[in-house]
Amino acid sequence: MAYLHNAWYVAALSTEVGGEALFNRKILGLSMLLYRRGDGTPVALRDRCPHRFVPLHMGKRVGDDVVCPYHGLRFDCTGKCVESPHGDGHIPRAAVVQAFPAVERHGFIWVWPGDASKADPADVPDYSLLDEGHANSKGWAYLHMKANYEILVDNVMDLSHVDHVHGPLLNTAGKLSPQIPKVIEDGKHVSVRWEWHQDPPMGFFSPFLPTPGAGAEHHVEVVWTAPGTMLLTVGAVQGSKDPADGLLSWDHHLMTPESEASTHYFFATRRNWLVEDAELNRMKLDGTVAAFSTEDKPIIEAAQEEMGTTDLWSLKPVLLSSDPAPVRARRVLSQLIETEGAQRRG
Ligand code: FES
Ligand SMILES: [Fe+2]
């Protein structure tokens with residue numbers, strides 16, 4: 001499986017890596033150890049001691065260093081072995097753990113699995129909407145999916161499934177499937193937009209509109225950034241042509257491959273109404289995440305299992321009028337992977 005290696009991937013929610021803890025997560029097939037230095041900044045190392053390959057997250061912290069639980073080699077946060085209790089204390093040259101660039105942005109810890117010299121924190125996608133707004137207007141969540149990450153990107157880039165898959169909270173009443181949505185490709189980004197009238201409105205918005213339950217203009221715009229992150233702006237408005245006058249939710253879907261056939265699905269959301277309401281915030285996040293886990297997840301995991309491969313094109317899928325956005329994103333990504341491979345081969 002070819003991944004894009006020179007890219008920032010979300011490795012964890014900021015809240016998953018706490019205090020002194022040693023946290024493990026497999027990303028692009030590699031076990032990574034994540035933790036925080038004393039000053040809070042994140043560290044990402046290969047979660048494997050170079051002596052007998054014990055996962056280092058089973059060891060212990062000594063200051064900003066990690067001590068292997070098996071024979072006691074001690075590594076600093078750059079992966080360099082700084083102490084051996086063996087013999088005269090000589091440290092073999094090969095006693096090094098691979099370190100990965102890591103940064104914290106927008107409530108996530110991002111890692112760069114590729115060539116460290118190319119890692120630039122300025123290339124982390126700009127999800128700064130999550131840095132602003134009232135704390136009770138925002139939420140973050142994590143889901144695990146037994147499916148290839150590109151299949152999960154397809155799911156978000158082709159929102160016509162919302163007509164069919166989703167229950168009352170998210171359902172779009174058959175309004176998306178007949179449309180041929182507008183797709184724009186721009187470098188590492190592909191965006192797609194739908195607009196529709198829905199009466200009664202999406203369950204998600206209906207009780208909070210000026211006239212609850214009455215028809216409203218809806219829109220959703222999805223912006224995909226390679227390799228697998230998407231920002232959705234979803235809105236409903238009554239009595240105005242301008243979506244900015246209405247209710248807006250900014251939903252971030254960030255896919256990180258765990259392996260070829262499994263994905264870490266990170267989600268973060270912010271809304272522009274009743275922003276101080278903590279109870280609504282919890283209900284909105286829990287309701288949305290429950291819809292992903294009980295409505296999207298069973299269908300996508302079953303499809304992945306039935307496919308028996310992660311190579312979609314090898315199965316010659318039928319294409320529909322809603323497919324241009326996911327297909328463009330796939331093309332951009334495979335082009336980036338090909339270019340990276342060609343550069344590596346020199
Ligand atoms: S396996 Fe880590 S020191 Fe031996
Ligand atoms: Fe869905």
Side-chain angles (χ1 to χ4, degrees), residues 1-13 16-17 22-35 42-50 53-58 79 97-102 108-116 119 125 141-157 224-230 252-267 289 292-293 296-315 317 326 329-338 340-341 344:
M1 169 91 190
Y3 297 112
L4 188 69
H5 286 86
N6 289 332
W8 291 104
Y9 289 88
V10 175
L13 304 175
E16 288 182 297
V17 184
L22 298 174
F23 182 82
N24 161 265
R25 183 157 278 154
K26 193 190 267 186
I27 290 161
L28 278 65
L30 287 176
S31 257
M32 286 197 192
L33 165 69
L34 302 169
Y35 67 96
V43 177
L45 299 176
R46 182 90 192 262
D47 194 9
R48 163 190 279 206
C49 176
F53 312 111
V54 168
L56 290 170
H57 77 272
M58 297 170 73
V97 177
Q98 187 179 0
F100 302 94
F108 303 103
I109 293 174
W110 302 74
V111 298
W112 179 276
D115 177 352
Y142 166 80
L143 295 95
H144 185 265
M145 295 278 187
K146 283 189 253 156
N148 175 263
Y149 72 108
E150 287 187 87
I151 291 174
L152 289 154
V153 169
D154 289 347
N155 182 56
V156 182
M157 293 302 281
W224 170 86
T225 302
T229 59
M230 286 150 289
H252 304 68
H253 298 246
L254 306 95
M255 311 298 171
T256 299
E258 174 184 54
S259 65
E260 194 177 339
S262 60
T263 299
H264 304 296
Y265 191 145
F266 298 94
F267 177 68
V289 171
F292 300 159
S293 12
D296 294 286
K297 183 178 164 83
I299 286 196
I300 292 168
E301 290 186 344
Q304 176 66 85
E305 194 178 355
E306 176 57 31
M307 285 168 71
T309 172
T310 53
D311 182 357
L312 178 75
W313 301 124
S314 70
L315 298 177
R330 280 178 174 270
R331 288 211 188 114
V332 171
L333 179 58
S334 65
Q335 188 59 54
L336 289 166
I337 292 173
E338 212 168 284
E340 184 179 288
R344 204 177 310 121

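From a predicted model like this one, the values you see are computed outputs, not experimental measurements.
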(Q) Checking Tyr9 now: which residues fulfil ring-ring contact (aromatic ring centres under 6.0 Å, His included) with it, not counting sequence neighbours? (A)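 Testing Tyr9 for ring-ring contact (aromatic ring centres under 6.0 Å, His included), a comparison that skips the adjacent residues, returns none.
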Q) Passes side chain to side chain contact (heavy atoms under 4.5 Å, CB included), Leu312 versus Met307? Steps please. A) CA-CA 8 Å; Leu312 178 75; Met307 285 168 71; 4.0 Å; yes
Rounded to the nearest 0.5 Å, how far apart are [atom1] of [X] and [atom2] of [Y]?
X      : Y      : atom1 : atom2 : result
Phe266 : Trp110 : CZ    : CH2   : 9.5 Å
Asp47  : Tyr35  : CG    : OH    : 11.0 Å
Thr310 : Ile151 : OG1   : CD1   : 7.0 Å
Leu4   : Ser334 : CG    : OG    : 10.5 Å
Glu16  : Phe23  : CD    : CZ    : 4.0 Å
Thr309 : Asn148 : OG1   : CG    : 8.5 Å

What's the shortest heavy-atom distance between [X] and [Y], and which atoms?
X      : Y      : result
Ala147 : Leu152 : O-CD1, 3.9 Å
Ala119 : Trp8   : CB-CZ2, 4.0 Å
Val153 : Gly228 : CG2-CA, 4.0 Å
Ala7   : Pro113 : O-CD, 3.2 Å
Tyr149 : Pro227 : CE1-O, 4.2 Å
Ser293 : Pro298 : O-CD, 3.6 Å

Q.
Thr229: which residues meet the side chain to side chain donor-acceptor pair (under 3.5 Å) condition with it, sequence neighbours left out?
A.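 Result, side chain to side chain donor-acceptor pair (under 3.5 Å) vs Thr229: Tyr127.
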Can you check whether [X] reaches [Y] side chain to side chain, under 4.5 Å on heavy atoms?
X      : Y      : answer
Leu22  : Leu33  : yes
Phe108 : Leu13  : yes
Ile337 : Tyr3   : no
Val332 : Trp224 : yes
Pro50  : Val97  : yes

Hey, is the main chain of [Y] close enough, under 3.5 Å, to the side chain of [X] for a donor-acceptor pair?
X      : Y      : result
Thr263 : Met145 : no
Arg25  : Ala11  : yes
Gln304 : Ala261 : no
Glu301 : Lys146 : yes
His264 : Lys26  : yes

Q. For Met230 and Met255, what are the C-alpha separation, side-chain angles and deciding distance, and is it a side chain to side chain contact (heavy atoms under 4.5 Å, CB included)?
A. CA-CA 8 Å; Met230 286 150 289; Met255 311 298 171; 4.1 Å; yes
Q) Hey, are Asp115 and Arg344 close enough for a salt bridge, meaning a charged N less than 4.0 Å from a carboxylate O? A)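 Arg344 and Asp115: not salt-bridged.
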(Q) Between Arg46 and Phe100, is the side chain to side chain contact (heavy atoms under 4.5 Å, CB included) condition met? List the steps. (A) CA-CA 8 Å; Arg46 182 90 192 262; Phe100 302 94; 4.2 Å; yes
**Q.** salt bridge (Lys or Arg N to Asp or Glu O under 4.0 Å) against Arg331, all qualifying residues, sequence neighbours excluded
**A.**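 Scan of Arg331 (salt bridge (Lys or Arg N to Asp or Glu O under 4.0 Å), adjacent residues dropped) gives none.
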(Q) Looking only at the aromatic ring of each residue, does the gap between the centers of Tyr265 and His253 stay below 6.0 angstrom? (A)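 Aromatic pair counts; centres sit under 6.0 Å.
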**Q.** CA sep, side-chain torsions, deciding dist, call: Met32, Val111, side chain to side chain contact (heavy atoms under 4.5 Å, CB included)
**A.** CA-CA 10 Å; Met32 286 197 192; Val111 298; 3.9 Å; yes
